[in-house]
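Right, one structure below, let's go through it.
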Amino acid sequence: MGFQEIVFFVMGILAVALGGCLATRRNPVSAAMLLISLMVVLAGMYGMLDAHFAAVAQIIVYAGAIMVVFIFVMMLLNLPPEELRFGTLTVGEIILTIAGIGVAVALGTKVGQGYLVSALQLSEARAPLLPETENLRNVAATMFTDYLWSFELISFLILAAVIGAVVISKRRHGHAESA
Amino acid sequence: MSASPSPYLPILFAVVAGLLVVGGATAASFLLGPKKPNDAKLDVYECGVPVVGTARQRLSVKFYLTAILFILFDIETVFLYLWASAFDFLGWFGVVEVGLFASTLLLGYVYILKRGALTWD
Amino acid sequence: MLNPMLFDLIAMVLKVAVALLIALQVAPIMVWVERRQAAMIQRRVGPNRVGLFGFRMFGLGQPLADTIKLIFKEDFVPKQANKVFYVMAPMITGLAGLVAIVGLPLGSYVEVFGTRVNLQPVELNAGFLYLFAVSALGVYGAALAGWSSNNKYALLGGLRASAQMVSYEIAMGMSLLPIVIIFGTLNMQDIIAAQSGHLLFGFLPAWGVFYAPVSMCIFVVCMFAETNRLPFDLAEGEAELVAGFLTEYGSMRWSLFFLGEYAMMTTLSGLAVCLFFGGYEIPWLPQTRILELLTGAGLGRELALWVMFPLGLGVLLGKIAVFMFLFVQARFTLPRFRYDQLMDLGWKIMFPFALANLVVSAVWAAIAKFGLP
Amino acid sequence: MLSLPEMGLYFSFLLFLIGLFTVMFRKNILVMMLGVEILLNAANLAFVSASRITGTMDGQVVMFMVMAVAACEAAIGLAMIISLYRAKASVEADDLKLLRG
């Protein structure tokens, strides 16, 4: 159990603890701030998994862009702290939860993990194309050659998101509204 | 200790040292500063004008839209950095490929300008 | 010989300490520089009263006096303010500034007991993107400060400041792409080395600014906007919204905001210097030449490297000082933008220019590197 | 005991559980959206661990795709929540019964 494993384990436990604490916060803004710290801890974990550019991109995109909009929306909708709804669980939800936890535990056992890891071996992925250069160049080399089509489709996805965001937030004509 | 100290150790150390400096300054000011709160001082500062309305009304949608469009163009910047770092490996093929990517997003940007979504009132 | 692990640890601690000291020294000095330069521009004297034992030191004691004053002023939390975030906001801004400056390269390398020590405290695989990540986190300081101080004007100021920082971040990210394309790497040390070797057209130093002048202009403008400096400081403009998101803050918390702002200004101008103006290299006299001269003059190799470290650091700080002079000069000469002009400039002018500049330099670099298609 | 990436897989499914829990047991739509973000981050962690296990770069490439999808989802979702808030002045999930959901 080298030092790296211990540090990674501690960060994992910290991430799970932050997630748990986040799920039970009454004030949405503190929940969002906890999610930002969760994302920074995850960026550290990516760094330890040798995904250096993923760590920096995670902070720039998730913690630096997506959460800014969450914070904007939460701050400006002056939301009252919400009382948590634990009591009223419907039967369907109980069954769903048990089934979910059951599947999760099955996946978590040694057999499940073995299945997961073996599933990864089947894919015919190539070895990194620029092995000893920066991690960033490897990712780019694989992305722009093997995953060419999904990269182009991503641009259409973002285009749709841009047009959708503009259309949704424009005021519908003849609809009085205060903001 | 681990084979080679990971490149993230200095960041951790800088964050801890920064927290010490920043926390120390706040604590020093909290401990050393006088503590005589009175209502006038604690009231909201509105240049002396009595406060009107609560502080948390809703504000114009422009702020949300700016931040939302920022996310989408930030994703584009991350993909462009990926391509720029492997520019010499990808050659002309990469330039054409990313050209398509960027021109599609340019369409979105032109749509925003035409629709006047970012004109501040 | 002490074991390599301890050696790396000590080297890392010392490098981070030097970087943090620079950041902590910048704030008081900049306060003095701003007042003196403002005085010079407006033909008045500026602070020169504070002195020790009758020796006036033309006002250099002023920042010291300010710091002590700020520590002893009362800091209170206004009613209904969200106490946790009210105290946390200045810490986030201050911390972002301090953690960002650690990413700058202070020099090339130094050899101690034969092992080579790289003089960049934080050298990540992703190079200078580390600085963008930290400045992206710095936005929360302004947003939380505005919201948590329960004051309409502070909320509007905090919102405007974060919206402005956010929209100029894209143009800043886009503007540095040509540099990555031309130099092929994100690592600042390699970029500086690539800038110092040869001469461009015979007499010009091969600086980034001559390769991509437009991206330098866009980056400098975005630097002003990113740190809320005039002419982009509408969020805390004194005449506009009382003091923007700083309205409810006093004493030390107020100065923490400015500590973070000055540290972020130093970091971004350091980044501009390293990418466009050759970092710690003297234009026509690269460090390798100096090393030969020094070792030729009889100094040992390690001692020569140790002599070159303060020289390189001095050159870097000198170039950053030029940018700081530019910051302060702009503050007292340019009028402030109206908010819609400011956002239009960010979205409708900076972003298209950065994109066009990227297309031009990508095609030009592709032709230069791979010949015509 | 466990190599680093396998531990990553364990933590990613723990985070997935927490995200699922947040989405199911919270009334405020915004906090549900946070739950969805946790789910996507758990998926990202699993992809990066898988990329480390197999030693190829495909995991990280797909991670950037997931990040782009998450960004678009958050952008559109929040735009909808804003217009919904303007219509109904509340963000409680129970108030949205127009479609008899």
Side-chain angles (χ1 to χ4, degrees), chain A residues 2-3 25-37 39-44 46-79 81 130 132-140 158 162 166 179, chain C residues 5 80 82-86 88-89 91-92 95-96 99-100 103 122-150 152 154-156 158-163 165-167 169-170 172-173 180-181 184-187 190 245:
Chain A
F3 181 75
R25 279 304 100 204
R26 290 166 46 95
N27 177 357
V29 175
S30 44
M33 290 309 284
L34 282 170
L35 183 55
I36 293 169
S37 43
M39 286 174 182
V40 171
V41 169
L42 272 176
Y46 293 159
M48 295 190 76
L49 288 168
D50 282 347
H52 300 299
F53 186 68
V56 177
Q58 158 102 351
I59 291 192
I60 291 176
V61 171
Y62 268 116
I66 295 179
M67 291 314 292
V68 167
V69 182
F70 269 103
I71 294 277
F72 268 23
V73 170
M74 282 183 185
M75 279 203 282
L76 294 170
L77 298 192
N78 60 27
L79 304 165
L130 304 157
E132 63 295 328
T133 59
E134 291 143 348
N135 161 267
L136 173 84
R137 285 169 62 89
N138 282 336
V139 172
I158 298 177
V162 163
V166 168
Chain C
M5 202 47 57
Q80 297 112 18
N82 187 320
K83 188 159 176 43
V84 172
F85 293 131
Y86 181 80
M88 210 164 82
M91 285 194 180
I92 293 176
L95 198 64
V99 170
V122 164
E123 196 173 354
L124 286 187
N125 209 293
F128 59 78
L129 286 185
Y130 165 74
L131 298 180
F132 287 155
V134 175
S135 76
L137 290 179
V139 170
Y140 292 109
L144 277 180
W147 176 69
S148 66
S149 45
N150 191 19
K152 282 195 297 302
L155 179 64
L156 191 56
L159 204 56
R160 282 183 166 188
S162 22
M165 284 160 86
V166 150
S167 39
E169 227 170 275
I170 329 168
M172 193 159 77
V180 177
I181 288 174
T185 158
L186 280 158
N187 182 343
D190 301 347
F245 57 87

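Keep in mind that this is a model prediction, so the values were computed, not measured.
Heavy atoms of A:V29 lying under 4.5 Å from chain C belong to its backbone as well as its side chain. Of the atoms belonging to A:L136, heavy atoms from both backbone and side chain fall under 4.5 Å from chain C. Neither the backbone nor the side chain of C:I170 comes within contact range of chain A; no heavy atoms are under 4.5 Å apart.
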Show the numbers, then the answer: is there a side-chain contact (heavy atoms from CB on, under 4.5 Å) between C:L159 and A:F72?
CA-CA 8 Å; C:L159 204 56; A:F72 268 23; 3.9 Å; yes
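Annotation: the span from C:N125 atom CG to A:R137 atom CZ amounts to 11.0 Å, rounded to 0.5 Å. Residue C:I92 holds its CD1 atom at 7.5 Å from CD1 of A:I36, rounded to the nearest 0.5 Å. How far CE of A:M33 is from CG of C:L144: 4.5 Å, rounded to the nearest 0.5 Å.
Listed here is the closest heavy atom pair of A:A63 and C:L137: CB-CD2, 3.8 Å. Scanning both residues, A:G64 and C:A136, for their nearest heavy atoms gives CA-CB, 3.9 Å.
No other option in C:Y140, C:F85, C:F132 has as many heavy-atom pairs under 4.5 Å with chain A as C:Y140.
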